[in-house]
Amino acid sequence: MKLSQDENKLVLINGMFNMANTLSQVFVNVYLYEYTGSLVVMSIYTIIRIGLFPFAFTFGGKVSSKLPFSVTITTGLLFIIGSLAFILTQQDLLSTFTFAAYIVAVLTGIGEGLYWFSINTCNQLVPSIESRGQYLANIGVLNNITALVAPLLASLLITISGSDNAGYINIFRLVIVIYIVIVVISVGLKVKASGNSFRILDCLSLHHPSWRFAMTSVFFYGVRDGLTLTLSGLLIYDATASSGTLYSNLLAFFSVAAIIAFYVLGKKMTMRNMFKIFCWGAFLMITSTLVLVWFNNIAAAIYFGVTNAIATAIYNNPFVIMMMSIINGFPKSNHVGRVIAKETYQSLGRCFGMALIVACYFLFPTGRTYLLVSVTLCSLCPLVVVWLVKRYDAKYQLFANGDKQ
(Lines give C-alpha, C1' and ligand atoms only; values in the text may rest on other atoms or scores of the structure.)
Protein backbone atom coordinates (compact mmCIF):
# COMPACT_ATOMS: atom_id res chain seq x y z
CA MET A 1 0.00 0.00 0.00
CA LYS A 2 1.32 3.45 -0.97
CA LEU A 3 1.63 5.80 1.98
CA SER A 4 0.67 9.47 1.95
CA GLN A 5 3.19 12.32 1.97
CA ASP A 6 2.70 12.99 5.69
CA GLU A 7 2.96 9.26 6.45
CA ASN A 8 6.27 9.04 4.57
CA LYS A 9 7.61 12.13 6.36
CA LEU A 10 6.68 10.63 9.71
CA VAL A 11 8.37 7.34 8.80
CA LEU A 12 11.53 9.33 7.94
CA ILE A 13 11.34 11.39 11.15
CA ASN A 14 10.85 8.23 13.23
CA GLY A 15 13.85 6.59 11.54
CA MET A 16 16.20 9.57 11.83
CA PHE A 17 15.25 10.16 15.46
CA ASN A 18 15.83 6.49 16.18
CA MET A 19 19.33 6.75 14.71
CA ALA A 20 20.13 9.88 16.71
CA ASN A 21 18.51 8.44 19.84
CA THR A 22 20.42 5.15 19.46
CA LEU A 23 23.66 7.08 19.12
CA SER A 24 22.93 9.48 21.96
CA GLN A 25 20.97 7.67 24.67
CA VAL A 26 22.95 4.43 24.59
CA PHE A 27 26.22 6.33 24.82
CA VAL A 28 24.88 9.03 27.15
CA ASN A 29 24.00 6.22 29.54
CA VAL A 30 27.45 4.65 29.15
CA TYR A 31 29.17 8.06 29.38
CA LEU A 32 27.32 8.96 32.61
CA TYR A 33 27.84 5.44 33.96
CA GLU A 34 31.60 5.88 33.51
CA TYR A 35 31.41 8.93 35.77
CA THR A 36 28.89 7.68 38.36
CA GLY A 37 29.85 3.98 38.41
CA SER A 38 26.45 3.12 39.89
CA LEU A 39 23.47 1.28 38.38
CA VAL A 40 21.34 2.73 41.19
CA VAL A 41 22.26 6.31 40.26
CA MET A 42 21.45 5.50 36.64
CA SER A 43 18.10 4.04 37.73
CA ILE A 44 17.31 7.31 39.57
CA TYR A 45 18.45 9.17 36.45
CA THR A 46 15.90 7.16 34.45
CA ILE A 47 13.13 7.81 37.01
CA ILE A 48 13.70 11.58 36.74
CA ARG A 49 13.93 11.46 32.96
CA ILE A 50 10.79 9.35 32.46
CA GLY A 51 8.94 10.94 35.39
CA LEU A 52 8.92 14.27 33.55
CA PHE A 53 7.16 12.76 30.53
CA PRO A 54 3.57 13.21 31.82
CA PHE A 55 4.17 16.92 32.48
CA ALA A 56 5.75 17.37 29.03
CA PHE A 57 2.86 15.43 27.44
CA THR A 58 0.27 17.66 29.10
CA PHE A 59 2.11 20.85 28.13
CA GLY A 60 2.53 19.57 24.57
CA GLY A 61 -1.17 18.71 24.41
CA LYS A 62 -2.17 22.24 25.36
CA VAL A 63 0.26 23.79 22.89
CA SER A 64 -0.83 21.49 20.04
CA SER A 65 -4.47 22.56 20.46
CA LYS A 66 -3.39 25.95 19.09
CA LEU A 67 -0.19 25.28 17.12
CA PRO A 68 0.92 22.51 14.69
CA PHE A 69 2.87 19.51 15.94
CA SER A 70 6.01 20.79 14.22
CA VAL A 71 6.28 23.35 17.06
CA THR A 72 6.26 20.77 19.86
CA ILE A 73 8.62 18.47 17.91
CA THR A 74 11.09 21.34 17.44
CA THR A 75 10.85 22.46 21.08
CA GLY A 76 11.45 18.93 22.29
CA LEU A 77 14.49 18.48 20.09
CA LEU A 78 15.95 21.80 21.29
CA PHE A 79 15.78 20.55 24.90
CA ILE A 80 17.50 17.30 23.89
CA ILE A 81 20.19 19.27 22.06
CA GLY A 82 20.57 21.34 25.25
CA SER A 83 21.19 18.17 27.28
CA LEU A 84 23.92 17.06 24.87
CA ALA A 85 25.46 20.54 24.91
CA PHE A 86 25.52 20.34 28.72
CA ILE A 87 27.40 17.02 28.55
CA LEU A 88 29.89 18.45 26.05
CA THR A 89 30.61 21.62 28.05
CA GLN A 90 30.30 20.44 31.67
CA GLN A 91 32.58 17.40 31.84
CA ASP A 92 34.37 18.68 34.95
CA LEU A 93 31.04 19.13 36.74
CA LEU A 94 29.93 15.63 35.73
CA SER A 95 33.14 14.11 37.05
CA THR A 96 32.80 15.91 40.42
CA PHE A 97 29.09 15.93 41.30
CA THR A 98 26.55 13.13 40.82
CA PHE A 99 23.69 15.66 40.70
CA ALA A 100 24.99 16.90 37.33
CA ALA A 101 23.72 13.66 35.78
CA TYR A 102 20.26 14.55 37.08
CA ILE A 103 20.43 17.91 35.25
CA VAL A 104 20.93 15.92 32.05
CA ALA A 105 17.92 13.79 33.07
CA VAL A 106 15.72 16.89 33.47
CA LEU A 107 16.65 18.40 30.09
CA THR A 108 16.34 15.04 28.33
CA GLY A 109 13.06 14.17 30.03
CA ILE A 110 11.36 17.41 29.00
CA GLY A 111 12.71 17.15 25.46
CA GLU A 112 11.87 13.49 24.93
CA GLY A 113 8.46 13.98 26.53
CA LEU A 114 7.55 16.73 24.04
CA TYR A 115 8.96 14.76 21.12
CA TRP A 116 7.27 11.46 22.02
CA PHE A 117 3.97 13.21 22.70
CA SER A 118 4.13 14.80 19.25
CA ILE A 119 5.28 11.78 17.28
CA ASN A 120 2.98 9.29 19.04
CA THR A 121 -0.02 11.55 18.51
CA CYS A 122 0.91 11.98 14.84
CA ASN A 123 1.31 8.19 14.57
CA GLN A 124 -2.22 7.89 15.95
CA LEU A 125 -3.82 10.59 13.80
CA VAL A 126 -2.13 10.26 10.41
CA PRO A 127 -2.27 6.59 9.24
CA SER A 128 -5.63 5.16 8.17
CA ILE A 129 -6.91 1.85 9.52
CA GLU A 130 -5.97 0.26 6.18
CA SER A 131 -2.41 1.63 6.11
CA ARG A 132 -1.64 1.26 9.82
CA GLY A 133 0.04 -2.16 9.60
CA GLN A 134 2.21 -1.16 6.62
CA TYR A 135 2.99 2.20 8.23
CA LEU A 136 4.22 0.58 11.47
CA ALA A 137 6.13 -2.10 9.54
CA ASN A 138 7.91 0.61 7.50
CA ILE A 139 8.80 2.46 10.69
CA GLY A 140 10.07 -0.79 12.21
CA VAL A 141 12.28 -1.60 9.21
CA LEU A 142 13.71 1.95 8.95
CA ASN A 143 14.20 2.18 12.71
CA ASN A 144 16.22 -1.00 12.67
CA ILE A 145 18.23 -0.02 9.58
CA THR A 146 19.21 3.19 11.40
CA ALA A 147 19.77 1.17 14.58
CA LEU A 148 22.19 -0.98 12.53
CA VAL A 149 24.01 2.00 11.01
CA ALA A 150 24.22 3.88 14.33
CA PRO A 151 26.43 1.45 16.32
CA LEU A 152 28.65 0.78 13.28
CA LEU A 153 29.13 4.52 12.90
CA ALA A 154 29.68 4.83 16.65
CA SER A 155 32.30 2.08 16.54
CA LEU A 156 34.09 3.91 13.71
CA LEU A 157 34.01 7.24 15.59
CA ILE A 158 35.33 5.62 18.77
CA THR A 159 38.12 3.90 16.84
CA ILE A 160 39.32 7.03 15.00
CA SER A 161 38.94 9.26 18.08
CA GLY A 162 41.71 7.55 20.00
CA SER A 163 39.74 6.80 23.16
CA ASP A 164 36.23 5.77 24.17
CA ASN A 165 35.43 9.09 25.87
CA ALA A 166 36.67 11.17 22.92
CA GLY A 167 34.58 8.97 20.64
CA TYR A 168 31.48 9.54 22.79
CA ILE A 169 31.96 13.31 22.50
CA ASN A 170 32.20 13.09 18.70
CA ILE A 171 29.05 10.93 18.69
CA PHE A 172 27.17 13.64 20.60
CA ARG A 173 28.27 16.27 18.07
CA LEU A 174 26.97 14.16 15.18
CA VAL A 175 23.67 13.61 16.99
CA ILE A 176 23.11 17.36 17.32
CA VAL A 177 23.46 17.68 13.53
CA ILE A 178 20.91 14.88 12.94
CA TYR A 179 18.41 16.53 15.31
CA ILE A 180 18.74 19.80 13.38
CA VAL A 181 17.92 17.95 10.13
CA ILE A 182 14.83 16.41 11.79
CA VAL A 183 13.68 19.90 12.79
CA VAL A 184 13.90 21.00 9.15
CA ILE A 185 11.85 17.99 7.97
CA SER A 186 9.22 18.40 10.71
CA VAL A 187 8.49 21.98 9.64
CA GLY A 188 6.88 20.56 6.48
CA LEU A 189 4.41 18.38 8.42
CA LYS A 190 0.79 19.37 7.86
CA VAL A 191 -0.58 17.47 10.86
CA LYS A 192 -2.68 19.37 13.40
CA ALA A 193 -4.81 18.34 16.34
CA SER A 194 -8.58 18.82 16.19
CA GLY A 195 -8.32 22.07 18.13
CA ASN A 196 -10.89 20.83 20.65
CA SER A 197 -10.05 21.23 24.31
CA PHE A 198 -9.70 18.19 26.54
CA ARG A 199 -9.39 17.50 30.24
CA ILE A 200 -6.42 15.27 30.97
CA LEU A 201 -8.05 14.06 34.21
CA ASP A 202 -11.03 12.80 32.21
CA CYS A 203 -8.67 10.83 29.97
CA LEU A 204 -6.75 9.46 32.96
CA SER A 205 -9.98 8.23 34.51
CA LEU A 206 -10.45 4.45 34.39
CA HIS A 207 -14.24 4.30 34.60
CA HIS A 208 -14.66 3.09 30.98
CA PRO A 209 -14.13 -0.74 30.89
CA SER A 210 -12.01 -0.90 27.74
CA TRP A 211 -9.95 2.10 28.81
CA ARG A 212 -9.39 0.57 32.26
CA PHE A 213 -8.08 -2.59 30.59
CA ALA A 214 -5.92 -0.59 28.18
CA MET A 215 -4.25 1.59 30.82
CA THR A 216 -3.70 -1.31 33.22
CA SER A 217 -2.01 -3.21 30.39
CA VAL A 218 0.05 -0.18 29.43
CA PHE A 219 1.26 0.22 33.03
CA PHE A 220 2.52 -3.39 33.27
CA TYR A 221 3.92 -3.15 29.73
CA GLY A 222 5.90 -0.11 30.90
CA VAL A 223 7.38 -1.89 33.95
CA ARG A 224 9.37 -4.32 31.82
CA ASP A 225 9.92 -1.76 29.05
CA GLY A 226 11.74 0.47 31.54
CA LEU A 227 14.54 -2.09 31.80
CA THR A 228 15.55 -1.48 28.17
CA LEU A 229 15.82 2.30 28.61
CA THR A 230 19.02 2.22 30.64
CA LEU A 231 19.71 -0.90 32.66
CA SER A 232 19.91 -3.59 29.96
CA GLY A 233 22.33 -1.51 27.89
CA LEU A 234 24.61 -0.99 30.89
CA LEU A 235 24.49 -4.71 31.73
CA ILE A 236 25.55 -5.48 28.15
CA TYR A 237 28.30 -2.87 28.49
CA ASP A 238 29.52 -4.59 31.69
CA ALA A 239 29.39 -7.96 29.91
CA THR A 240 31.73 -6.62 27.20
CA ALA A 241 34.29 -5.60 29.87
CA SER A 242 33.47 -1.91 29.18
CA SER A 243 34.70 -2.00 25.58
CA GLY A 244 32.97 0.73 23.58
CA THR A 245 33.92 -0.83 20.23
CA LEU A 246 32.71 -4.34 21.10
CA TYR A 247 29.55 -2.85 22.59
CA SER A 248 28.86 -0.96 19.34
CA ASN A 249 29.45 -4.05 17.20
CA LEU A 250 27.05 -6.10 19.33
CA LEU A 251 24.35 -3.43 18.94
CA ALA A 252 24.79 -3.59 15.16
CA PHE A 253 24.43 -7.38 15.21
CA PHE A 254 21.23 -7.11 17.26
CA SER A 255 19.80 -4.64 14.74
CA VAL A 256 20.20 -7.16 11.91
CA ALA A 257 18.00 -9.61 13.84
CA ALA A 258 15.42 -6.88 14.40
CA ILE A 259 15.34 -5.86 10.72
CA ILE A 260 14.66 -9.46 9.68
CA ALA A 261 11.97 -9.79 12.35
CA PHE A 262 10.16 -6.61 11.28
CA TYR A 263 10.36 -7.59 7.61
CA VAL A 264 8.87 -11.02 8.26
CA LEU A 265 6.25 -9.54 10.59
CA GLY A 266 5.07 -7.11 7.91
CA LYS A 267 4.46 -10.06 5.57
CA LYS A 268 3.00 -12.61 7.98
CA MET A 269 1.05 -10.82 10.72
CA THR A 270 -2.72 -10.48 10.39
CA MET A 271 -5.40 -9.53 12.90
CA ARG A 272 -6.30 -13.22 13.28
CA ASN A 273 -2.81 -14.53 14.13
CA MET A 274 -1.72 -11.44 16.08
CA PHE A 275 -2.47 -12.77 19.56
CA LYS A 276 -0.45 -15.95 19.00
CA ILE A 277 2.47 -13.88 17.71
CA PHE A 278 2.05 -11.55 20.68
CA CYS A 279 2.32 -14.46 23.16
CA TRP A 280 5.57 -15.69 21.61
CA GLY A 281 6.90 -12.14 21.81
CA ALA A 282 6.02 -11.95 25.50
CA PHE A 283 7.92 -15.19 26.15
CA LEU A 284 11.03 -13.81 24.42
CA MET A 285 10.71 -10.52 26.31
CA ILE A 286 10.67 -12.37 29.63
CA THR A 287 13.59 -14.68 28.94
CA SER A 288 15.81 -12.01 27.36
CA THR A 289 16.28 -9.89 30.49
CA LEU A 290 16.23 -12.89 32.84
CA VAL A 291 19.18 -14.49 31.02
CA LEU A 292 21.04 -11.17 30.83
CA VAL A 293 20.82 -10.36 34.54
CA TRP A 294 21.34 -13.90 35.89
CA PHE A 295 24.38 -14.75 33.74
CA ASN A 296 25.69 -11.31 32.60
CA ASN A 297 28.39 -12.58 30.23
CA ILE A 298 28.96 -12.23 26.50
CA ALA A 299 26.73 -15.23 25.71
CA ALA A 300 23.93 -13.76 27.84
CA ALA A 301 24.36 -10.37 26.17
CA ILE A 302 24.06 -11.95 22.71
CA TYR A 303 21.00 -13.94 23.77
CA PHE A 304 19.38 -10.79 25.16
CA GLY A 305 20.17 -8.73 22.08
CA VAL A 306 18.81 -11.25 19.56
CA THR A 307 15.69 -12.27 21.49
CA ASN A 308 14.88 -8.68 22.52
CA ALA A 309 15.26 -7.53 18.91
CA ILE A 310 12.84 -10.22 17.68
CA ALA A 311 10.45 -9.59 20.58
CA THR A 312 10.40 -5.87 19.81
CA ALA A 313 8.71 -6.76 16.54
CA ILE A 314 6.39 -9.55 17.64
CA TYR A 315 5.47 -8.25 21.13
CA ASN A 316 5.59 -4.46 20.79
CA ASN A 317 3.94 -4.09 17.38
CA PRO A 318 0.76 -6.09 18.17
CA PHE A 319 0.48 -4.24 21.48
CA VAL A 320 0.85 -0.83 19.80
CA ILE A 321 -1.71 -1.74 17.12
CA MET A 322 -4.15 -2.88 19.79
CA MET A 323 -3.76 0.37 21.76
CA MET A 324 -4.21 2.42 18.58
CA SER A 325 -7.40 0.49 17.84
CA ILE A 326 -8.79 1.13 21.32
CA ILE A 327 -8.03 4.86 21.11
CA ASN A 328 -9.71 4.94 17.70
CA GLY A 329 -12.85 3.63 19.40
CA PHE A 330 -13.19 6.99 21.16
CA PRO A 331 -14.19 10.28 19.44
CA LYS A 332 -11.35 11.65 17.31
CA SER A 333 -11.58 15.01 19.08
CA ASN A 334 -10.39 13.22 22.21
CA HIS A 335 -7.46 11.33 20.70
CA VAL A 336 -4.77 13.77 21.87
CA GLY A 337 -5.93 13.44 25.47
CA ARG A 338 -6.07 9.64 25.17
CA VAL A 339 -2.52 9.48 23.78
CA ILE A 340 -1.30 11.67 26.66
CA ALA A 341 -3.05 9.38 29.17
CA LYS A 342 -1.57 6.26 27.55
CA GLU A 343 1.95 7.69 27.61
CA THR A 344 1.43 8.82 31.22
CA TYR A 345 0.48 5.33 32.40
CA GLN A 346 3.40 3.82 30.46
CA SER A 347 5.76 6.33 32.09
CA LEU A 348 4.37 5.45 35.52
CA GLY A 349 5.03 1.78 34.78
CA ARG A 350 8.60 2.50 33.70
CA CYS A 351 9.25 4.62 36.79
CA PHE A 352 7.75 1.90 39.01
CA GLY A 353 10.18 -0.63 37.52
CA MET A 354 13.18 1.64 38.12
CA ALA A 355 11.94 2.49 41.63
CA LEU A 356 11.71 -1.25 42.36
CA ILE A 357 15.41 -1.57 41.49
CA VAL A 358 16.31 1.28 43.85
CA ALA A 359 14.10 -0.17 46.62
CA CYS A 360 15.66 -3.62 46.24
CA TYR A 361 19.11 -2.01 46.50
CA PHE A 362 18.26 -0.89 50.05
CA LEU A 363 16.49 -4.15 50.91
CA PHE A 364 19.33 -6.36 49.58
CA PRO A 365 22.48 -4.21 49.92
CA THR A 366 25.04 -6.98 49.39
CA GLY A 367 26.29 -8.09 45.97
CA ARG A 368 23.97 -8.33 42.96
CA THR A 369 20.96 -9.72 44.85
CA TYR A 370 19.03 -6.47 44.42
CA LEU A 371 19.44 -6.70 40.64
CA LEU A 372 18.45 -10.36 40.45
CA VAL A 373 15.28 -9.81 42.48
CA SER A 374 14.13 -6.53 40.91
CA VAL A 375 14.90 -7.40 37.28
CA THR A 376 13.24 -10.81 37.67
CA LEU A 377 10.04 -9.21 38.98
CA CYS A 378 10.04 -6.58 36.20
CA SER A 379 10.78 -9.21 33.55
CA LEU A 380 7.70 -11.26 34.46
CA CYS A 381 5.29 -8.37 33.80
CA PRO A 382 4.59 -9.45 30.17
CA LEU A 383 2.78 -12.45 31.73
CA VAL A 384 0.34 -10.00 33.32
CA VAL A 385 -0.04 -8.13 30.02
CA VAL A 386 -0.81 -11.35 28.10
CA TRP A 387 -3.39 -12.36 30.74
CA LEU A 388 -5.10 -8.97 30.50
CA VAL A 389 -5.07 -8.98 26.69
CA LYS A 390 -6.51 -12.50 26.61
CA ARG A 391 -9.38 -11.45 28.89
CA TYR A 392 -10.07 -8.34 26.83
CA ASP A 393 -9.88 -10.13 23.48
CA ALA A 394 -12.25 -12.87 24.70
CA LYS A 395 -14.86 -10.17 25.40
CA TYR A 396 -14.35 -7.73 22.52
CA GLN A 397 -12.56 -9.87 19.88
CA LEU A 398 -10.34 -6.93 19.03
CA PHE A 399 -7.73 -9.00 17.19
CA ALA A 400 -10.38 -10.63 15.04
CA ASN A 401 -12.33 -7.52 14.15
CA GLY A 402 -9.95 -4.58 14.24
CA ASP A 403 -11.30 -1.29 15.60
CA LYS A 404 -14.24 -2.50 17.60
CA GLN A 405 -15.19 -2.17 21.26
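This is a predicted model, so every value here is computed, not measured.
Contact between Lys342 and Met215 at its shortest, heavy atoms only, is CA-SD, 3.6 Å. Between Asn29 and Leu234, the shortest heavy-atom contact is O-CD2, 3.7 Å. The shortest heavy-atom contact between Trp211 and Ser205 is CD1-O, 3.2 Å. Residues Ser379 and Ile286 come closest through the heavy atom pair O-CG1, 3.2 Å. Of all non-hydrogen atoms in Ser210 and Phe330, the two that sit nearest each other are OG-CZ, 4.0 Å. Nearest heavy atom pair, residue Val358 against residue Ser43, reads CG2-CB, 4.0 Å.
Neither side chain, Tyr135 nor Asn8, offers a donor N or O lying under 3.5 Å from an acceptor on the other. Residues Trp294 and Thr376 have side chains that bring a donor and an acceptor to within less than 3.5 angstrom of each other. Donor-acceptor pairing under 3.5 Å is recorded for the side chains of Ser288 and Arg224.
Between the CH2 atom in Trp387 and the CZ atom in Arg391 there is a gap of 4.5 Å [rounded to 0.5 Å]. The distance from the CG atom of Leu78 to the CG atom of Leu114 is 10.0 Å, given to the nearest 0.5 Å.
The aromatic rings of Phe278 and Phe319 lie parallel to each other, with less than 30° between the two planes, well short of the 60° mark. In this pair, Phe99 and Phe97 present their aromatic rings tilted. The plane angle is within the 30 to 60° band.
Looking at Tyr345, Tyr315, Phe352 one by one, the single match for ring-ring contact (aromatic ring centres under 6.0 Å, His included) with Tyr221 turns out to be Tyr315.
The closest donor-acceptor contact from the side chain of Thr287 to the backbone of Leu284 lies under 3.5 Å. Looking at Asn21, its side chain never comes within 3.5 Å of a backbone N or O of Phe17 through a donor-acceptor pair.
At least one side-chain heavy atom of Leu153 sits under 4.5 Å from a side-chain heavy atom of Leu174. Contact of the Val291 side chain with the Phe304 side chain is not registered, since no non-hydrogen atoms from C-beta on lie closer than 4.5 Å.
Within a 6.0 Å sphere centred on CZ of Phe86, heavy atoms belonging to other residues, nucleotides or ligands number more than 12.
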